Amino acid sequence: MIDDFNLELIVQPLQDWFAGHARVLPWREDPRPYYVWISEIMLQQTRVEAVKGYFERFITELPDVKALAECREDKLLKLWEGLGYYNRVRNLNAAAIQIMEAYDGRIPDDYQELLKLKGIGHYTAGAIASIAYGKPVPAVDGNVLRVISRVTCDDSDIMKQSVRNHMEEKLAEVMQAEHTTVIPGVFNQALMELGATVCVPNGMPHCMECPWQNLCEAKKRGCIESLPVKKKAKSRRIEEMTVLVIRDDEKVAIHKRSASGLLAGLYELPNLPGYMDTEAVLSYIRELGYAPIRITPLADAKHIFSHVEWRMKGYVVSIEEPGNELSAEDARYYKEQRKKKKLVFVDAEDAKERYAIPAAFAAYAGYMNIRLGKEAFDKKEETGA
DNA sequence: AAATCGGGGTG
DNA sequence: CACCCAGATTT
């Protein structure tokens, strides 16, 4: 139990260990508030390795709060493309505007003020206040929940908000004690570093490398593998859909998703609910007023989100613009249809440079001559772009 | 309190 | 395949 454990004991071994084992990370080289903020938002539910490249590109492109506040949404989404949880970057933009208007462009150093900013919750407010400003407030993330529940051998369900609040309180007491040796930014980062590199979530923790190996209650009692306790997540629902690569000689059709919901505001390949056969696809294409020349079925694909699984059937449809055999009335009707479906024809270069397209369509990206997801980012790293 | 919101690494 | 990750917001 966390209440039966003297948390003062963990401070010095942890901070000493961190001094020799902190990873070198881009946002640690210059922990100015703006860099801490951006990195913490990117790191939400996202691994350090995935964030590194995005962080460097983001701060180069948008070096300060003002630049972030003035950036347009399409560019923000493009900078975030592949990172996921796209509301994070919209919230960054909204918060930057808040900071410009209410805080004269300066990121607040107070925990309660930070909490008022869009996209900043308990964890991130604590991280910014402690790492960038040295304030003694906790930053409890998944690593900290795991590490503390193990060292104190606490079997409370860490999915419950009440358990998280209680852990924050206990850590706040330690950090704000009278003659504490806690260095807030070091202490919080060290807890997370220990969780990420030693007291790991997958597989066996590396207890022989742990600065707490002689005081860890879970290790003493041999219950490390049963901690932390987490209620199981609900299983995913499955959605079947048909994805279309509609193209002529030079361009391919894309579609802007709705402003709310899954992948809000991103561009996608046109798709239809359910599995459709060749004939159904061809009649859909004709409804749009295009003349299909050839249709080729593609390999089935699957994409897994946290709470949904897409099972996709794909087709490449080559089309040509209808000639002047169309009556003026028909031409008008078709134009209306396309507008209603919000299809945009772009060439591959534009799709790659300007439009944020989620990794869910990576399996079919090759047919539009672009790359998506991790492949896209690795490719950019190679070419130094 | 439960659902929503991405994508990739790992055993 | 399941689980998890430097979580926040909405319902």
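Keep in mind that this is a model prediction, so the values were computed, not measured. So that the names make sense, note that chain A is the first sequence line, chain B the second, and so on, each numbered from 1.
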Between [N] ([atom2]) and [X] ([atom1]): distance, integer Å:
X      : N      : atom1 : atom2 : result
A:Y86  : C:dT10 : OH    : P     : 20 Å
A:M159 : B:dT4  : CE    : P     : 14 Å
A:N91  : C:dA8  : CG    : C1'   : 8 Å
A:D141 : C:dC5  : CG    : C1'   : 9 Å
A:I304 : B:dT10 : CD1   : P     : 17 Å
A:E40  : C:dG7  : CD    : C1'   : 11 Å
A:E168 : C:dA8  : CD    : P     : 9 Å
A:E81  : B:dG6  : CD    : C1'   : 13 Å

[atom1] gap between [N] and [M], integer Å:
N     : M      : atom1 : result
C:dA6 : B:dG11 : P     : 14 Å
C:dA8 : B:dG9  : C1'   : 23 Å
B:dC5 : C:dC4  : C1'   : 16 Å

Please classify the nucleic acid contact of [X] as base, sugar-phosphate, or nothing, using heavy-atom distances under 4.0 Å.
X      : answer
A:K118 : sugar-phosphate
A:L25  : base
A:K302 : sugar-phosphate
A:R146 : sugar-phosphate
A:G373 : sugar-phosphate
A:F305 : sugar-phosphate
A:V308 : nothing
A:R164 : nothing
A:A359 : sugar-phosphate
A:N202 : base
A:S39  : nothing
A:I41  : nothing

Does the C:dG7 base have a donor-acceptor partner in the side chain of A:T124 within less than 3.5 Å? no
Distance-only donor-acceptor test (3.5 Å): side chain A:T46, base B:dG6: yes
Does the structure place the NZ or CZ of A:R106 under 6.0 Å from the centre of the six-membered ring of A:Y103, at an angle of no more than 45° from the ring's axis? no
With respect to the phosphate group of [N], does any side-chain polar atom (N or O) of [X] fall under 4.0 Å of OP1 or OP2?
X      : N     : answer
A:H307 : B:dC5 : yes
A:N143 : C:dA6 : yes
A:K232 : C:dA2 : no
A:Q45  : C:dG7 : yes

Using a strict threshold of under 4.0 Å (side-chain N to carboxylate O), is an ion pair present between [Y] and [X]?
X      : Y      : value
A:D109 : A:K135 : yes
A:R237 : A:E309 : no
A:K256 : A:E268 : no
A:E56  : A:K52  : no
A:D157 : A:K231 : no
A:R28  : A:E193 : yes

Report the nucleotide, chosen from [options], that has the shortest atom-to-atom distance to any side-chain atom of [X].
X      : options             : result
A:K374 : C:dA2, C:dG7, B:dG8 : B:dG8
A:Y85  : C:dA6, C:dA2, B:dG6 : B:dG6
A:Q44  : C:dA2, C:dG7, B:dG7 : C:dG7

5'-most contact on DNA chain B (nearest-nucleotide basis), A:K234 vs A:R88, goes to A:K234
Nearest heavy atom decides the nucleotide; on that basis, is A:K160 or A:G84 closer to the 5' end of DNA chain B?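 Nearest-nucleotide comparison on DNA chain B picks A:K160.
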What's the separation between atom CG in A:L266 and atom OH in A:Y86, rounded to the nearest 0.5 Å?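 Reported value, rounded in 0.5 Å steps: 5.5 Å.
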Go nucleotide by nucleotide along DNA chain C from the 5' end; which of A:R47 and A:H122 gets its closest nucleotide reached first?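 It is A:R47 whose nearest nucleotide is closer to the 5' end.
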With DNA chain C as reference, determine whether A:W27 or A:L117 sits nearer its 5' end, using the nearest nucleotide of each.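 Upstream on the strand: A:W27.
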